[in-house]
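Heads up, the thing below is written out as structure tokens.
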Amino acid sequence: MDTFPKTLVAKIDDAGKRLDQFLTLQIAETSRARVQQLITEQKVLVDDIAAKASLRLRGGERIAVLGEVQQPPLRAMAEDIPLDIVYEDSDLAVVNKAAGMMVHAGAGATDDERNRGTLVNALLHRFGQLSDVGGELRPGIVHRLDKATSGLMVVAKNDESHRKLAAQFAKRQVKKIYIALVHGWAKQDRGTISSRISRDRVRRTRMTTRAPGGREAVTHYLVQKRIASKYGKFTLVELRIDTGRTHQIRVHLASLGHPVVGDALYGAPRELSAKDEPGISLPRNFLHAASLQFDHPRSGAAMSFSRPLQDELQEFLEKIEAK
């Protein structure tokens, strides 16, 4: 990892290169866009003078990089985005999240991309006030679903509800059921996957069960049906998780050789093909949080909610089952 400020000297071999191109090659783990932003912020001096990204080097210049890019802060902001509210009262809400929606702001190329279009933003517009326990970036968020996963989530409207719901998750008292369609036929009708999960050291956006160490993760699966179709073999499975690790279900199923349909990150094909048929694809993961059970944080009453597969998943299932 580079530290700043730092000074570089262009060599004769660098003659003719653009300044931004040169710096992209010289500064570890950075992009050309990030370098151009540094130059725009006048944090790059060539022979003690601010320069443009398009400057052509001659060789021999002394180039000073004064600091790192100052990213605008991530923040939640109210946005008028449609929500499927399954239940709400003064303490909490249960929502059926659509696939393609991030739960809260994350990394992106621009301020809008990093901050807009999130579930949190939609919740702030709908309810106005949410719990503060998760911080300014994640008001109300007690647990999460991946962007490409749909289904049920409980959201806290005040801090007391947030703490009590979080305690139920920590004690594994919350019951969640997921439905997934995976490639191949599962060998057993039911089973438990308990491989520990850690971040992939090479592909940092992935998790893995193959690295030493890792965090405890437990996933139980039950086969609903096995499908032999013109697009290949598939298994529809019901899943329950005892832990909530990042990508847990996806990486556990992939570790068995049965990646979730649509999940190219963990080895699923981007398109399914069949003889004499046009290819078909699913622009999301076939993974849905179908059921959620917990105790109400104020009354203690048992709460139970369920939602069927979303339309695009049901239509895809019918398509591969068609004769």
Any non-hydrogen side-chain atom of V261 less than 4.5 Å from a side-chain atom of Y231?
no
Any non-hydrogen side-chain atom of K43 less than 4.5 Å from a side-chain atom of V65?
no
Is there side-chain contact between V174 and V154, with at least one heavy-atom pair below 4.5 Å?
no
Under 3.5 Å, side chain of D159 to main-chain N/O of D132, donor-acceptor pair present?
yes
Take atom NZ of K230 as the centre, draw a 6.0 Å sphere, and report whether it contains more than 12 heavy atoms from other residues, nucleotides or ligands.
yes
Would you call T219 and L253 a side-chain contact if the rule is heavy atoms closer than 4.5 Å?
no
Same cluster (ILVMFWY, side-chain, under 4.5 Å), V142 and M102:
no
Does the gap between the ring centers of Y178 and H288 come in under 6.0 Å?
no
Specify the closest pair of heavy atoms between P139 and L130, including all atoms of both residues, with the distance to one decimal.
O-CD1, 3.5 Å
So E315 and K319, salt bridge (charged side-chain N to carboxylate O under 4.0 Å, His left out) or not? Walk me through it.
CA-CA 6 Å; E315 291 167 6; K319 192 176 295 185; over 6 Å; no
Main chain of G184, side chain of T235: is a donor-acceptor contact present, judged purely on distance under 3.5 Å?
yes
Nearest non-hydrogen partners of I81 and G117, listed with the distance
CD1-CA, 3.7 Å
Would you say the side chain of L152 lies within less than 4.5 Å of the side chain of L145, judging by non-hydrogen atoms?
no
Is there a side-chain contact (heavy atoms from CB on, under 4.5 Å) between N96 and Q310? Walk through the geometry before answering.
CA-CA 10 Å; N96 186 20; Q310 294 191 330; 3.9 Å; yes
Considering all heavy atoms, the nearest S198-P212 contact
OG-O, 4.5 Å
Nearest 0.5 Å, what's the CZ-CZ distance between R199 and R201?
13.0 Å
For S281, does its backbone N or O pair with a side-chain atom of E271 as donor and acceptor, under 3.5 Å?
no
Report yes or no: does R226 contribute a side-chain atom to a donor-acceptor pair with the main-chain N or O of K233 at less than 3.5 Å?
no
Between D295 and K164, is the side-chain contact (heavy atoms from CB on, under 4.5 Å) condition met? List the steps.
CA-CA 9 Å; D295 293 336; K164 289 183 177 180; over 6 Å; no
Checking I197 against R215 for the side-chain contact (heavy atoms from CB on, under 4.5 Å) test, could you report, in this order, the C-alpha distance in whole Å, the side-chain angles of both residues, the deciding distance, and whether it holds?
CA-CA 5 Å; I197 292 176; R215 302 181 69 187; 5.7 Å; no
Rounded to the nearest 0.5 Å, how far apart are CD of Q26 and OG1 of T24?
10.0 Å
Between H252 and Y221, is the ring centroid distance below 6.0 Å?
no
Expected output: side-chain Y87 to main-chain S304 donor-acceptor under 3.5 Å:
no
Treat each ILVMFWY residue as a node, draw an edge where side-chain heavy atoms are under 4.5 Å apart, and state whether I241 and V223 are in one component.
yes
Report yes or no: does N121 contribute a side-chain atom to a donor-acceptor pair with the main-chain N or O of M77 at less than 3.5 Å?
yes
Kindly check if the number of other-residue, nucleotide or ligand heavy atoms within 6.0 Å of NZ (K147) is above 12?
no
More than 12 heavy atoms of other residues, nucleotides or ligands under 6.0 Å from CD of Q42: yes or no?
no
Are T243 and E216 close enough that a side-chain donor and a side-chain acceptor fall under 3.5 Å?
no
How close do P259 and Y266 get, counting heavy atoms only, and between which atoms?
CB-O, 3.5 Å
Does R18 have more than 12 heavy atoms from other residues, nucleotides or ligands lying within 6.0 Å of its CZ?
yes
Closest heavy-atom contact between T246 and M207?
O-CG, 3.4 Å
Measure across S150 and A99 and return the closest heavy-atom pair with its distance rounded to 0.1 Å.
CB-N, 3.8 Å
Is there a side-chain contact (heavy atoms from CB on, under 4.5 Å) between I227 and L181? Walk through the geometry before answering.
CA-CA 10 Å; I227 301 167; L181 183 70; 4.1 Å; yes
Is there a side-chain contact between H220 and L239, using heavy atoms and a 4.5 Å cut-off?
no
Should I27 and I39 be counted in the same cluster of Ile, Leu, Val, Met, Phe, Trp and Tyr side chains packed under 4.5 Å apart?
yes
Joint hydrophobic cluster, I85 plus M303, side-chain heavy atoms closer than 4.5 Å
no
Kindly indicate whether the side chain of V155, heavy atoms from C-beta on, has any atom under 4.5 Å from the side chain of F127.
no
Is there a donor-acceptor pair under 3.5 Å between the side chain of R206 and the backbone N or O of L265?
yes
Give a yes or no answer on whether the side chain of D47 reaches the backbone of R62 with a donor-acceptor pair at less than 3.5 Å.
yes
Kindly say whether T149 contributes a backbone atom to a donor-acceptor pair with the side chain of D146 at under 3.5 angstrom?
no
Please report the interatomic distance CG(L23) to NZ(K17), rounded to the nearest 0.5 Å.
11.0 Å
Can you tell if the side chain of L92 reaches within under 4.5 Å of the side chain of K157, non-hydrogen atoms only?
no
Kindly say whether H258 contributes a backbone atom to a donor-acceptor pair with the side chain of H183 at under 3.5 angstrom?
no
Separation between CZ (R138) and OG (S131), nearest 0.5 Å, reads 11.0 Å
Atom CD1 in I179, atom OG in S291: separation rounded to 0.5 Å?
9.0 Å
In terms of hydrophobic clustering (I, L, V, M, F, W, Y; side-chain heavy atoms under 4.5 Å; direct or indirect links), are L256 and F234 co-clustered?
yes
In Å, rounded to the nearest 0.5 Å, how long is the span from CD of Q248 to CG of D242?
8.0 Å
